[in-house]
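For the numbers below, each heavy atom of this structure counts, side chains included, while hydrogens, waters and symmetry mates do not. Remember, predicted model here, so these are calculated numbers, not experimental data.
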Amino acid sequence: MRPSKAEIVIYPSKVRLFTLLLLDVVFGLVAALLVFLWWTGEIRTVLALVFGTLGVLGALFAGPYLAFRLVVRRPALVIGPEGILDDSSILRAGFMRWDEIEGIMPKDVHDLLARQSSVKRCLMRANMGLGASPINVPQSVLGIKVADLASQLANVYGARLPASPSKG
């Protein structure tokens, strides 16, 4: 996608992606060690097996995605006159037109969910069940602070984001 002058294009930070990939590898190895220790009888609780297995699966799920994003350079967010393209995480929302967005939330969550794969739909619903938005743009990956993004949105598009108690 070639940005126009009116677009704000934000790429993921390679340093942050690399750091997350390293943490994923370490987490996966620790989880694998936990499973191994359970298998050899050094740890006898079944929770070690459960958490170790979940940790290994989580690392195997996230690692390839992080490695791909590190190698293939494409924008995490493209904000333009027509709307926002979210490609910032595994649970990316894709393109949303401005008329589908109110404040920072999609106007019609059901329509947004209907456009997602069944796995992404399930994970987005899980986010909502925890009281979060179905769409989350991870600050840990972006090469820009949320406050700076909010300032750019206000300057370029007149968009106002609600004040947040977090320091972003």
Side-chain angles (χ1 to χ4, degrees), residues 1-25 27-28 54 57-168:
M1 169 179 267
R2 189 177 186 117
S4 72
K5 290 182 183 180
E7 289 181 330
I8 299 170
V9 180
I10 301 169
Y11 286 89
S13 164
K14 287 198 173 220
V15 171
R16 290 180 180 170
L17 283 172
F18 185 72
T19 302
L20 288 172
L21 182 59
L22 282 178
L23 289 172
D24 181 70
V25 169
F27 181 74
L54 289 174
L57 291 174
L60 289 173
F61 184 67
Y65 174 78
L66 291 168
F68 174 79
R69 288 306 301 251
L70 193 59
V71 173
V72 177
R73 182 141 169 91
R74 64 181 193 208
L77 289 175
V78 178
I79 304 164
E82 291 83 33
I84 300 174
L85 174 65
D86 170 23
D87 191 18
S88 61
S89 71
I90 291 175
L91 293 180
R92 61 190 171 266
F95 182 75
M96 292 187 60
R97 295 182 321 273
W98 285 114
D99 64 353
E100 296 178 303
I101 303 168
E102 186 172 311
I104 57 169
M105 292 287 292
K107 286 181 182 176
D108 187 350
V109 174
H110 298 293
D111 181 52
L112 170 71
L113 292 174
R115 296 188 305 221
Q116 308 304 319
S117 70
S118 59
V119 172
K120 281 176 40 179
R121 187 170 38 250
C122 179
L123 292 171
M124 286 177 162
R125 282 191 177 130
N127 274 347
M128 291 168 46
L130 295 172
S133 169
I135 303 168
N136 291 294
V137 178
Q139 169 77 44
S140 61
V141 174
L142 293 181
I144 185 174
K145 292 186 179 206
V146 172
D148 295 338
L149 174 59
S151 176
Q152 285 186 26
L153 283 171
N155 291 337
V156 176
Y157 297 105
R160 299 280 179 229
L161 301 179
S164 172
S166 68
K167 294 184 181 181

Looking at residues at least two apart in the chain, or sitting in another chain, which of them share a side chain to side chain contact (heavy atoms under 4.5 Å, CB included) with I90? F61, Y65
Validation row: P81, E7 side chains within 4.5 angstrom (heavy atoms): yes
Enter the distance from Q152:CD to I8:CD1 here, rounded to the nearest 0.5 Å. 4.5 Å
Just wondering, do I79 and L149 contact through their side chains at under 4.5 Å, heavy atoms? yes
Quick check: closest heavy atoms across M128 and L113, and the distance to 0.1 Å? SD-CD1, 4.3 Å
Applying side chain to side chain contact (heavy atoms under 4.5 Å, CB included), can you list everything that pairs with L60, at least two apart in sequence or on another chain? V56
All side chain to side chain contact (heavy atoms under 4.5 Å, CB included) counterparts of V25, not counting sequence neighbours: L29
Donor-acceptor under 3.5 Å (R16 side chain, L142 main chain): yes
Can you list everything that forms a salt bridge (charged side-chain N to carboxylate O under 4.0 Å, His left out) with R97? Sequence neighbours excluded, please. D99, E100
For T19 and V15, indicate whether the former's side chain and the latter's backbone hold a donor-acceptor pair under 3.5 Å. yes
For the residue pair P106 and I135, establish whether any side-chain heavy-atom pair is separated by less than 4.5 Å. yes
Applied to residues 78-90, the side chain to side chain donor-acceptor pair (under 3.5 Å) test, sequence neighbours excluded, yields R74-D87, D86-S88, D87-R92
Salt bridge (charged side-chain N to carboxylate O under 4.0 Å, His left out) contacts in which one or both residues fall within residues 123-135, not counting sequence neighbours: none
Residue list, side chain to side chain contact (heavy atoms under 4.5 Å, CB included) with D108, at least two apart or on another chain: H110, D111
Could you state the interatomic distance from CG (D24) to CG (L17), rounded to the nearest 0.5 Å? 12.0 Å
Roughly how far, to the nearest 0.5 Å, is CG of L20 from CG of L66? 6.0 Å
Can you find a heavy atom in the side chain of I101 that is under 4.5 Å from one in the side chain of W98? yes
Stepwise side-chain contact (heavy atoms from CB on, under 4.5 Å) check, L91 with N127: CA-CA 10 Å; L91 293 180; N127 274 347; 3.9 Å; yes
Which atom pair, heavy atoms only, marks the closest approach of L21 to G63? CD1-O, 3.6 Å
